[in-house]
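Remember, predicted model here, so these are calculated numbers, not experimental data. Chain identifiers are assigned alphabetically (A, B, ...) following the order of the sequence lines, protein sequences preceding nucleic acid strands; residue numbering begins at 1 within each chain.
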Protein chains: 2
Amino acid sequence: MLQRLRDRGWRLTAQRRVVAEVLAGEHVHLTADAVYSRAQLLLPEISLATVYNTLNELVDMGEVREIATGDGPRRYDPNTGAMHHHLYCIDCGALRDVNPTGADRLLLSPAEQHGFQVLGVDIVFRGLCPDCRAAAAPHLAATASR
Amino acid sequence: MLQRLRDRGWRLTAQRRVVAEVLAGEHVHLTADAVYSRAQLLLPEISLATVYNTLNELVDMGEVREIATGDGPRRYDPNTGAMHHHLYCIDCGALRDVNPTGADRLLLSPAEQHGFQVLGVDIVFRGLCPDCRAAAAPHLAATASR
DNA sequence: GTATATGCAAAGCATTTGCATTAAA
DNA sequence: TTTAATGCAAATGCTTTGCATATAC
């Protein structure tokens with residue numbers, strides 16, 4: 001990926017490399033702030049502004065996907081290959097990938113597009129993650145965390 | 001609707017009535033600021049904070065739906081009856097309802113829920129509205145506005 | 001009369017931007 | 001050497017909050 005970006009004329013700085021490494025190493029979908037914290041462990045002098053700049057560049061280049069949860073900060077998803085959707089916990093903010101069978105059937109017919117040129121679709125299922133379910137109804141769960 | 005809310009113990013103030021009126025009268029999905037502008041025409045002394053408070057109350061009460069577009073401010077959709085999705089213009093911010101055939105098939109099987117308790121799903125198709133398409137490629141359009 | 005909503009202004013949070021400095025190519 | 005990226009701090013945009021005043025019930 002770094003090679004691909006360099007070929008596109010991207011200047012490869014220590015900061016950018018670190019941001020890319022952090023994203024690639026994570027299966028979860030980090031916030032800009034979380035990327036910043038992890039990046040600081042590898043490169044203490046990196047700034048939050050640079051993290052934001054870099055994330056936006058990666059998004060513009062199609063290397064990273066931005067996910068809006070509706071509340072709280074944006075998340076960054078390094079998995080741009082396979083088309084997929086997300087499960088979001090409205091309580092703790094946990095966010096994970098999900099691939100609903102039949103989601104590929106969710107297309108708009110020309111009439112349904114109302115003249116729009118549709119470029120993509122964002123699908124977020126919202127609810128409670130296993131941990132927060134347990135916390136909300138401890139008597140129903142075997143393990144009550146939080 | 002106002003009656004319903006009063007029955008639930010909602011104090012009916014001029015401000016709340018005006019916010020509800022503004023929302024009901026609009027087919028488009030307004031931002032808090034747009035609600036504020038329209039409300040001011042009916043009640044000049046209303047404050048933006050009250051508009052926000054009222055909108056949040058209506059959302060909590062299930063009378064209004066909040067839509068996150070990913071960029072820009074939140075939108076408020078007074079149509080909570082029929083389940084539907086949205087078309088969003090990434091250029092001008094236009095937002096309209098859409099009801100894709102087959103969208104009701106978009107459910108997660110128990111295995112796909114990964115232990116989440118799914119409470120709802122937000123689906124936003126993003127692209128360019130007719131006007132912005134025309135503006136982006138004037139040579140392809142009969143009518144180039146903007 | 002009492003509890004609750006209001007307006008105002010200030011605070012909050014996530015994100016972007018201007019600009020002098022630094023580093024990649 | 002040249003051009004672009006960085007860090008910092010300030011600015012931005014949206015939304016929430018604290019508190020004294022006003023108002024619905």
Side-chain angles (χ1 to χ4, degrees), chain A residues 2-3 5-22 29-37 39-40 42-61 63-76 88 90 93 95, chain B residues 2-22 29-37 39-40 42-61 63-76 88 90 92-93 95:
Chain A
L2 291 179
Q3 186 55 53
L5 294 174
R6 201 191 291 111
D7 292 348
R8 290 207 238 166
W10 213 48
R11 264 194 207 187
L12 201 37
T13 65
Q15 290 80 341
R16 288 176 169 177
R17 188 168 15 239
V18 161
V19 168
E21 270 171 34
V22 165
H29 306 320
L30 301 175
T31 61
D33 225 60
V35 172
Y36 178 49
S37 306
Q40 275 186 308
L42 303 171
L43 186 71
E45 67 269 31
I46 196 172
S47 78
L48 181 55
T50 295
V51 169
Y52 271 107
N53 288 338
T54 304
L55 288 172
N56 285 337
E57 287 158 11
L58 290 171
V59 169
D60 291 345
M61 291 170 147
E63 296 289 339
V64 163
R65 184 167 155 202
E66 209 172 43
I67 301 150
T69 59
D71 51 68
R74 297 174 191 160
R75 306 301 194 84
Y76 295 89
Y88 177 64
I90 59 177
L95 186 70
Chain B
L2 291 178
Q3 186 56 53
R4 202 177 337 135
L5 294 174
R6 201 191 292 112
D7 292 348
R8 291 207 238 165
W10 212 48
R11 266 195 202 185
L12 202 37
T13 66
Q15 290 80 341
R16 288 176 169 178
R17 187 167 17 238
V18 161
V19 168
E21 269 171 35
V22 165
H29 306 320
L30 301 175
T31 62
D33 225 60
V35 172
Y36 178 50
S37 306
Q40 275 186 308
L42 304 170
L43 186 71
E45 67 270 32
I46 197 172
S47 77
L48 181 55
T50 295
V51 169
Y52 271 106
N53 288 339
T54 304
L55 288 172
N56 285 337
E57 287 158 11
L58 290 171
V59 169
D60 290 346
M61 291 169 148
E63 296 288 341
V64 163
R65 184 169 155 199
E66 210 172 41
I67 301 150
T69 58
D71 51 67
R74 297 175 190 158
R75 306 300 195 84
Y76 295 88
Y88 177 64
I90 58 177
C92 73
L95 186 68

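In summary, of the residues considered (B:Arg16, B:Arg8, B:Arg11), a salt bridge (charged side-chain N to carboxylate O under 4.0 Å, His left out) with B:Glu57 occurs for B:Arg16 alone. Remark: of the listed residues B:Val64, B:Val19, B:Leu30, B:Val64 is the sole one forming a side chain to side chain contact (heavy atoms under 4.5 Å, CB included) with B:Tyr76.
In terms of heavy-atom proximity, A:Thr31 sits nearest to A:Pro73 at CG2-CG, 3.7 Å. The nearest pair of heavy atoms linking A:Val51 to A:Ala32 is CG1-O, 3.7 Å. Taking all atoms of both residues into account, the shortest heavy-atom contact from B:Ala68 to A:Gly70 is CB-CA, 3.5 Å. Nearest heavy atom pair, residue B:Trp10 against residue B:Thr54, reads CH2-CG2, 4.0 Å.
Position along DNA chain D of the nearest nucleotide to B:Tyr76 versus A:Ile46 favours A:Ile46 as the more 5'-ward residue.
Summarising the geometry, the separation between CG on B:Asp7 and C1' on D:dA24 is reported as 16 Å, rounded to the nearest angstrom. Summarising the geometry, the separation between OH on A:Tyr36 and P on C:dC13 is reported as 17 Å, rounded to the nearest angstrom. As rounded to whole Å, 16 Å separates atom C1' of D:dC14 from atom CG of B:Leu30. As rounded to whole Å, 14 Å separates atom C1' of D:dA22 from atom CZ of B:Arg16. Separating the CG atom of B:Leu2 from the C1' atom of D:dA24 is a distance of 15 Å, rounded to the nearest angstrom. Residue A:Asp71 contributes atom CG, which lies 14 Å from atom C1' of D:dC14 at whole-angstrom precision. What separates CG of B:Leu48 from P of D:dT15 is a distance of 9 Å, to the nearest Å. Straight-line distance from the CG atom of B:Leu43 to the P atom of D:dT23: 11 Å, rounded to whole Å.
B:Ser47 pairs by the side chain to side chain contact (heavy atoms under 4.5 Å, CB included) definition with B:Ala49, B:Thr50, not counting sequence neighbours.
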Between the protein and nucleotides 20-25 of chain C, are there any N/O to N/O pairs under 3.5 Å, and if so, what are the atom names and distances?
{"from": "C:dA24", "atom 1": "N3", "to": "A:Arg11", "atom 2": "NH1", "distance (Å)": "3.4"}
{"from": "C:dA25", "atom 1": "OP1", "to": "A:Leu12", "atom 2": "N", "distance (Å)": "3.1"}

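DNA chain C is contacted by A:Tyr52, A:Asn53, A:Asn56 of residues 51-61 of chain A, taking any non-hydrogen atom closer than 4.0 Å.
The closest side-chain heavy-atom distance from A:Asn56 to A:Glu66 is below 4.5 Å.
Of the side-chain N and O atoms in A:Gln15, one or more sit less than 4.0 angstrom from OP1 or OP2 of D:dG7. Dashed line: the shortest gap from a side-chain N or O of B:Arg74 to OP1 or OP2 of D:dT15 is under 4.0 Å.
For A:Ala49, the listed nucleotide lying nearest its side chain is C:dT17; candidates were C:dG7, D:dC14, C:dT17.
Between A:Leu5 atom CG and A:Glu63 atom CD the span is 4.5 Å, to the nearest 0.5 Å.
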